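Accompanying notes for the structure given below.
Both backbone and side-chain heavy atoms feed into the values below; hydrogens, waters and symmetry mates do not. Note that the structure is predicted; figures quoted are calculated from it, not measured. Lettering of chains follows the sequences in order, A, B, ..., and the numbering in each one begins at 1.
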Number of protein chains: 2
Amino acid sequence: MKKPEEQFLDYLARKRLKNTSQRMTILSAFLRQKAHLSTEEFYLQLRKKHPGIGYATVHRTLKLFAECGIASERNFGDGQMRFEVSLGNEHHDHLVCTSCGQILEFENQQIEQLQVDVAKTHNFIIEDHRLELYGLCSACHSTGQQSVS
Amino acid sequence: MKKPEEQFLDYLARKRLKNTSQRMTILSAFLRQKAHLSTEEFYLQLRKKHPGIGYATVHRTLKLFAECGIASERNFGDGQMRFEVSLGNEHHDHLVCTSCGQILEFENQQIEQLQVDVAKTHNFIIEDHRLELYGLCSACHSTGQQSVS
DNA sequence: CTATAAATTGAAATCCGTTTTCAATATCGT
DNA sequence: ACGATATTGAAAACGGATTTCAATTTATAG
Ligand SMILES: [Mn+2]
Ligand SMILES: [Mn+2]
Ligand SMILES: [Zn+2]
Ligand SMILES: [Zn+2]
């Protein structure tokens, strides 16, 4: 497993892109994040320490991370793209709490295999997939919370 | 299984909404559609026969269909909401061709059950889920098509 | 059947996350 | 250092979804 910094620098070199201080600052801040932030959320976080970096640069850099495999782009249906660190993070799917927004991760090898079987019976070549379970997390349903309507 | 027209009229009555000719026209056109149309696509289709009905009314009426269970809202990550008739249409998941856009449907009871198991181990109450497999349909990979980058 | 209150309509405006534009600046191979 | 090329941040543009609003239609009560 290559280090993220290396992987990013390799990607920049391969694409004849330049190594800038903004990109490195954004990378190290991003790698420190735990999970599933929107561009806006990440930008607001970053701005506290690095007020000089613009939203557009953050946006463009997160896209670069996705292109080179450092980040995964996620869409949980709330109208915002979200990013999570994918390098060194096994493939997984998500449980999304519709009440508090918490996101839990899971992996189920049987489901993965069944997906392959389904694709095979339709003569379909899988490139990617998404599986998300929406509902109430343990905390939210034990306190009688209802999902936001 | 109640008829869609009945179900819609019941819903309107329950919510003290009014029965209008536009709503009935949109309903009957929608029920005639086979699959997964965006609001725009449906509106353009409808306009051929009913040029007087505005986009806003179509949009609002499709939302009503979703609320009352006649339609399902789908999002296949292309930045547009899509609608399909759900009444009398069993639950199913989708195979989405990233090359030609074709959408195939499937149902797999084993996967559904495994999802329930996953939720149980996380003490999570499932309200809804989405499973989509993205890749190349039979036609597209047999002709050497690549997915749009 | 009115009259009246309330909901609906279509066009246009607005929203809001995402993406692009552009002139100034920074990077990097030579 | 120079010069070609890429990057940056602010602001504008984009695009689908939603809302506004004045005119119209519907449903209810008298
Ligand atoms: Mn995750
Ligand atoms: Mn379908
Ligand atoms: Zn919760
Ligand atoms: Zn195809």
Side-chain angles (χ1 to χ4, degrees), chain A residues 8-27 29 36-68 71-83 101 148-149, chain B residues 8-27 29 36-68 71-83 101 148-149:
Chain A
F8 188 50
L9 292 175
D10 285 359
Y11 181 78
L12 294 181
R14 194 147 27 89
K15 291 272 200 156
R16 311 262 190 275
L17 303 178
K18 289 173 179 171
N19 180 0
T20 67
S21 70
Q22 288 92 333
R23 281 173 177 165
M24 290 307 135
T25 300
I26 292 169
L27 178 57
H36 310 116
L37 293 178
S38 68
T39 306
E40 177 77 12
E41 287 166 351
F42 178 65
Y43 167 69
L44 292 176
Q45 189 65 31
L46 182 76
R47 195 169 64 172
K48 294 175 188 170
K49 298 279 173 121
H50 301 279
I53 299 181
Y55 181 94
T57 299
V58 170
H59 168 263
R60 289 183 288 226
T61 304
L62 289 174
K63 296 245 112 178
L64 284 181
F65 294 165
E67 284 168 24
C68 75
S72 293
E73 253 171 308
R74 303 285 186 182
N75 175 348
F76 297 128
D78 66 346
Q80 304 196 208
M81 209 58 87
R82 293 176 177 278
F83 294 86
V148 292
S149 59
Chain B
F8 187 50
L9 292 174
D10 285 359
Y11 181 77
L12 294 180
R14 193 147 27 90
K15 291 272 201 157
R16 310 264 189 274
L17 303 177
K18 290 173 178 173
N19 180 0
T20 69
S21 70
Q22 289 93 332
R23 281 171 177 167
M24 291 306 134
T25 299
I26 293 168
L27 177 57
H36 312 115
L37 293 179
S38 68
T39 307
E40 178 76 11
E41 287 166 351
F42 178 65
Y43 167 69
L44 292 175
Q45 190 64 32
L46 182 76
R47 194 169 63 170
K48 294 174 187 169
K49 299 278 173 121
H50 302 280
I53 299 181
Y55 180 93
T57 299
V58 170
H59 168 263
R60 289 182 288 226
T61 305
L62 289 175
K63 297 243 111 180
L64 284 180
F65 294 165
E67 285 167 25
C68 76
S72 293
E73 253 170 307
R74 302 286 186 182
N75 175 350
F76 297 128
D78 65 345
Q80 305 198 207
M81 208 59 86
R82 291 176 179 280
F83 294 85
V148 291
S149 59

Heavy-atom closest pair (B:P51 atom, B:K48 atom, distance to 0.1 Å) is CD-O, 4.4 Å
Taken to the nearest whole Å, CZ/B:F8 to C1'/C:dT8 is 12 Å
Please name all residues satisfying side chain to side chain contact (heavy atoms under 4.5 Å, CB included) with B:D78, sequence neighbours left out, ordered by chain then number. B:Q80, B:R82
What is the separation between atom CD on A:Q80 and atom P on C:dT19, rounded to the nearest whole Å? 12 Å
Which donor-acceptor pairs under 3.5 Å do the side chains of residues 12-20 of chain B make with protein atoms, sequence neighbours left out?
residue	atom	partner	partner atom	Å
B:T20	OG1	B:R23	N	3.2

Check whether any side-chain N or O of A:K63 sits under 4.0 Å from OP1 or OP2 of C:dT19, and answer yes or no. yes
Could you give the CZ-to-C1' distance, from A:F42 to C:dT18, as a whole number of Å? 17 Å
Can you give each donor-acceptor pair under 3.5 Å made by side-chain atoms of residues 53-68 of chain A, sequence neighbours left out, with the distance rounded to 0.1 Å?
residue	atom	partner	partner atom	Å
A:R60	NE	A:A56	O	3.4
A:T61	OG1	A:T57	O	2.7
A:K63	NZ	A:E73	OE2	3.1
A:E67	OE1	A:Y11	OH	2.5

Could you encode protein contacts along nucleotides 3-12 of chain D as a string, one character per nucleotide from 5' to 3', using B for base contact, S for sugar-phosphate-only contact and - for no contact, with a heavy-atom cut-off of under 4.0 Å? --BSSBBB--
Measure from CG on A:D78 to P on C:dC15 and round the result to the nearest Å. 21 Å
Mind calculating the distance between CD (B:E40) and P (D:dA17) to the nearest angstrom? 9 Å
In degrees rounded to 10°, what angle is found between the helical axes fit to the five outermost pairs at each end of the helix from C:dC1-D:dG30 to C:dT30-D:dA1? 30°
Applying side-chain hydrogen bond (donor to acceptor under 3.5 Å, both in side chains), name anything that partners A:D10, two or more places apart in sequence or on another chain. A:K2
Please report the distance, rounded to the nearest Å, between CE in A:M81 and C1' in C:dT19. 12 Å
I need the CZ-P distance between A:F76 and C:dG17, as an integer number of Å. 18 Å
Please give, in whole Å, the distance from C:dT27 P to A:L9 CG? 14 Å
Between B:H59 and D:dT18, is there a contact of a side-chain N or O with OP1 or OP2 at under 4.0 Å? yes
